[in-house]
2 protein chains.
Amino acid sequence: MTRVAGLDYGVLDQLLGYSLRRAQVALFLAFHAATRGQHITPPRFTALVIVGANPGISQSTLGSALGIARSGAMLLTNWMVGRGLVERRRRPGDGRAWGLHLTPRGAQALGRMRAAVLAEDRRRAAKLSAAERRELMRLLEKLTG
Amino acid sequence: MTRVAGLDYGVLDQLLGYSLRRAQVALFLAFHAATRGQHITPPRFTALVIVGANPGISQSTLGSALGIARSGAMLLTNWMVGRGLVERRRRPGDGRAWGLHLTPRGAQALGRMRAAVLAEDRRRAAKLSAAERRELMRLLEKLTG
DNA sequence: TATTGTTATACTCTATAACTATA
DNA sequence: TATAGTTATAGAGTATAACAATA
């Protein structure tokens with residue numbers, strides 16, 4: 001979605017939503033560069049981070065965090081389990097829900113990915129000064145929260 | 001993708017890309033609210049705006065602006081033509097490409113949508129002061145350009 | 001040869017709805 | 001009744017590849 005030279009973008013240039021979309025696409029390219037060759041996607045990475053930070057989380061809660069339906073959270077979990085990154089454990093108190101946990105291999109893989117993604121995210125953000133980057137994060141938080 | 005209370009988002013909260021994604025989802029809801037009941041989507045709205053601002057544009061160039069393949073630009077154009085919002089005109093100099101133009105009905109519909117989308121975008125951005133909003137747009141532009 | 005539009009096809013992601021087992 | 005997970009199915013959006021017409 002690079003800007004096409006000579007094209008008039010009309011009202012789009014006045015929309016905060018469109019500016020955010022452009023910026024998000026640019027940062028998505030950063031993510032893609034950082035995870036090249038692996039079969040990782042933003043939702044998969046997000047899921048791994050959240051499972052890692054919230055051991056024992058249920059699939060439904062994971063789905064809520066990602067903003068997707070339970071059925072989608074299950075497919076995502078299947079992928080993580082199939083790759084040996086996550087395991088489902090029965091919960092003592094509740095026979096319905098699984099508790100999700102990183103495997104040792106998953107924790108190791110996530111550690112590598114996290115470092116790469118964070119480094120590339122920072123590299124792309126380097127067009128801004130450190131103060132500008134913090135200000136941008138603050139404004140985004142204020143907008144969203 | 002509303003934040004789930006009590007959940008630890010780990011490294012995600014340190015990623016500019018994730019902050020942008022959250023903000024973009026929030027503004028997408030603004031778009032959705034502004035176009036409720038119409039069969040419009042962000043890509044369709046974007047396409048209409050770009051055709052309106054660049055009369056005679058080709059399908060391929062439209063696709064480039066949207067960051068999608070030619071085949072997708074054609075389906076998008078089919079939708080706009082099918083709704084009577086856009087018409088294809090042969091170009092005098094080049095028998096290969098179509099020139100896309102808004103119909104009077106398309107111009108009228110776009111005018112209404114543009115006003116609604118812009119108003120709702122501003123309304124959601126009202127959590128920021130006018131100065132903050134301008135600063136946010138500036139930072140996003142600096143990041144992307 | 002290169003470009004534009006078109007067509008056919010396939011893939012990914014997601015939603016919905018119905019089902020089961022547990023609570 | 002309500003919730004968690006599962007399964008089946010369908011739809012939207014997109015990409016790729018091949019083709020015809022035109023440059």
Side-chain angles (χ1 to χ4, degrees), chain A residues 1-2 4 7 21 24-25 28-29 31-32 35 38-48 50-51 54 56-83 86-101, chain B residues 1-2 4 7 21 24-25 28-29 31-32 35 38-48 50-51 54 56-83 86-101:
Chain A
M1 231 187 53
T2 315
V4 174
L7 214 61
R21 164 108 177 102
Q24 201 240 316
V25 168
F28 170 79
L29 294 179
F31 178 89
H32 191 258
T35 57
Q38 303 168 65
H39 293 184
I40 203 75
T41 62
R44 287 173 180 174
F45 177 75
T46 303
L48 284 170
I50 288 180
V51 170
N54 305 273
I57 190 175
S58 70
Q59 289 181 186
S60 291
T61 306
L62 179 61
S64 298
L66 291 161
I68 61 175
R70 276 178 313 188
S71 55
M74 199 208 76
L75 296 176
L76 204 47
T77 304
N78 283 352
W79 180 84
M80 296 189 290
V81 170
R83 290 215 126 201
V86 162
E87 63 179 13
R88 290 178 168 104
R89 296 190 200 150
R90 275 296 172 203
R91 281 168 152 180
D94 190 336
R96 296 172 300 180
W98 298 106
L100 304 182
H101 299 261
Chain B
M1 231 186 51
T2 314
V4 174
L7 213 61
R21 165 111 176 101
Q24 201 239 317
V25 168
F28 170 79
L29 294 178
F31 178 90
H32 191 259
T35 57
Q38 303 167 65
H39 292 185
I40 203 75
T41 61
R44 287 173 179 174
F45 176 74
T46 303
L48 284 170
I50 288 180
V51 170
N54 305 274
I57 190 176
S58 71
Q59 289 180 189
S60 291
T61 305
L62 179 61
S64 298
L66 291 160
I68 61 176
R70 276 176 312 186
S71 54
M74 198 207 75
L75 296 175
L76 203 48
T77 303
N78 283 352
W79 179 85
M80 296 189 290
V81 170
R83 289 215 127 201
V86 162
E87 63 178 13
R88 289 177 169 105
R89 296 189 201 153
R90 274 296 171 202
R91 280 168 153 182
D94 190 335
R96 295 172 300 181
W98 298 107
L100 304 182
H101 299 263

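Reckoned from all heavy atoms, side chains included, excluding hydrogens, waters and symmetry mates. Chain identifiers are assigned alphabetically (A, B, ...) following the order of the sequence lines, protein sequences preceding nucleic acid strands; residue numbering begins at 1 within each chain.
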Grab the [atom1]-[atom2] distance between [X] and [N] for me, whole Å please.
X: Trp79(B); N: dG13(D); atom1: CH2; atom2: P; result: 10 Å
X: Met74(A); N: dT14(C); atom1: CE; atom2: C1'; result: 13 Å
X: Arg44(B); N: dT14(D); atom1: CZ; atom2: P; result: 10 Å
X: Arg21(A); N: dG13(D); atom1: CZ; atom2: C1'; result: 12 Å
X: Phe28(B); N: dT14(C); atom1: CZ; atom2: C1'; result: 13 Å
X: Ile40(B); N: dG13(D); atom1: CD1; atom2: C1'; result: 15 Å
X: Leu100(B); N: dG5(C); atom1: CG; atom2: C1'; result: 11 Å
X: Leu76(A); N: dT6(D); atom1: CG; atom2: P; result: 13 Å

Over all heavy atoms of both residues, which pair between [X] and [Y] is shortest? Give the atoms and the distance, please.
X: Pro42(A); Y: Phe28(A); answer: CG-CE1, 3.5 Å
X: Leu7(B); Y: Ala65(A); answer: CD2-CB, 3.6 Å
X: Ser58(A); Y: Ala97(A); answer: CB-CB, 4.3 Å
X: Arg83(A); Y: His39(A); answer: NH2-ND1, 3.6 Å

If a protein heavy atom is under 4.0 Å from the base, mark B; if only from the sugar-phosphate, S; if neither, -; do that for nucleotides 16-23 of chain D going 5' to 3'.
B-B---BS

In Å, rounded to the nearest 0.5 Å, how long is the span from CZ of Arg70(B) to CG of Leu76(B)?
15.5 Å

OP1 or OP2 of dT6(D) under 4.0 Å from side-chain N/O of Arg88(A)
yes

Taking C-beta and beyond as the side chain, do [X] and [Y] meet within less than 4.5 Å on heavy atoms?
X: Arg44(A); Y: Thr35(A); result: no
X: Ile40(B); Y: Leu48(B); result: yes
X: Asn78(A); Y: Arg88(A); result: yes

Nucleotide nearest Leu75(A) when distance is taken to its side chain, options dT14(C), dC13(C), dG13(D):
dT14(C)

Quick check on DNA chain C: between Ala97(B) and Arg90(A), whose nearest nucleotide comes earlier from the 5' end?
Ala97(B)

Identify, residue by residue, the members of residues 56-68 of chain B with a heavy atom below 4.0 Å from DNA chain C, and return them in order of residue number, or none.
Ser58(B), Gln59(B), Ser60(B)

For the residue pair Arg91(A) and Trp98(A), would you count it as a cation-pi contact if the rule is NZ or CZ under 6.0 angstrom from the ring centre and within 45 degrees of the ring axis?
no

